[in-house]
Amino acid sequence: PICTHLQCTVNWNPEKNRFICPCHGSQYDSVGRVVHGPAKRSLPLLTVVVKENQVRLVETKPAIDPR
């Protein structure tokens with residue numbers, strides 16, 4: 001995932017159960033909501049399609065943000 005603050009790649013931290021940006025310290029929960037800034041927007045959602053036992057990412061944005 002890409003941080004919504006300055007577009008750095010965020011990493012999942014299993015000990016903190018959060019995505020953490022190494023550039024400026026923004027933190028996101030397991031569904032991508034901001035829990036600590038400077039980021040102000042949640043991580044973008046991806047659309048996933050499961051077909052014939054394969055998981056595929058598609059470029060279409062989800063119709064509804066369930067967060």
Side-chain angles (χ1 to χ4, degrees):
I2 304 298
C3 182
T4 58
H5 176 239
L6 289 177
Q7 311 306 306
C8 298
T9 301
V10 299
N11 301 302
W12 178 250
N13 182 314
E15 292 82 30
K16 293 188 177 185
N17 199 35
R18 294 182 175 177
F19 289 100
I20 300 177
C21 178
C23 299
H24 295 101
S26 294
Q27 296 182 20
Y28 304 86
D29 67 11
S30 62
V31 295
R33 292 178 293 220
V34 176
V35 292
H36 183 271
K40 297 186 184 332
R41 291 178 288 122
S42 298
L43 293 173
L45 294 175
L46 299 173
T47 301
V48 176
V49 175
V50 179
K51 185 176 183 181
E52 297 177 7
N53 294 324
Q54 293 182 350
V55 177
R56 299 177 185 184
L57 300 177
V58 294
E59 293 190 31
T60 306
K61 290 186 178 185
I64 298 171
D65 186 337
R67 299 177 283 194

Handout entry: Trace of the disulfide (SG to SG under 2.5 Å) decision for Cys3 with Cys23
Key = CA-CA 9 Å; Cys3 182; Cys23 299; over 6 Å; no

For a quick test of reading the model, state the closest non-hydrogen atom pair linking [X] to [Y] and the distance between them.
X	Y	answer
Tyr28	Val34	CE2-CG2, 3.6 Å
Thr9	Ile2	OG1-CD1, 3.8 Å
Thr4	Arg41	OG1-O, 2.6 Å

Within one Ile-Leu-Val-Met-Phe-Trp-Tyr cluster: [X] and [Y], side-chain cutoff 4.5 Å:
X	Y	result
Val10	Trp12	yes
Leu6	Val35	no
Val55	Leu57	yes

Exercise for the section: For the pair Ser26 (side chain) and Cys21 (backbone), establish whether a donor and an acceptor sit closer than 3.5 Å, ignoring hydrogens and angles. Expected result: no

Problem - Test item: Arg18 side-chain N/O and Gln27 main-chain N/O as donor-acceptor pair under 3.5 Å - result: no

Handout entry: Spacing of Ile20 atom CD1 and Cys8 atom SG [to the nearest 0.5 Å]
Key = 13.5 Å

Handout entry: Arg67 vs Ser42 side-chain heavy atoms within contact, under 4.5 Å
Key = yes

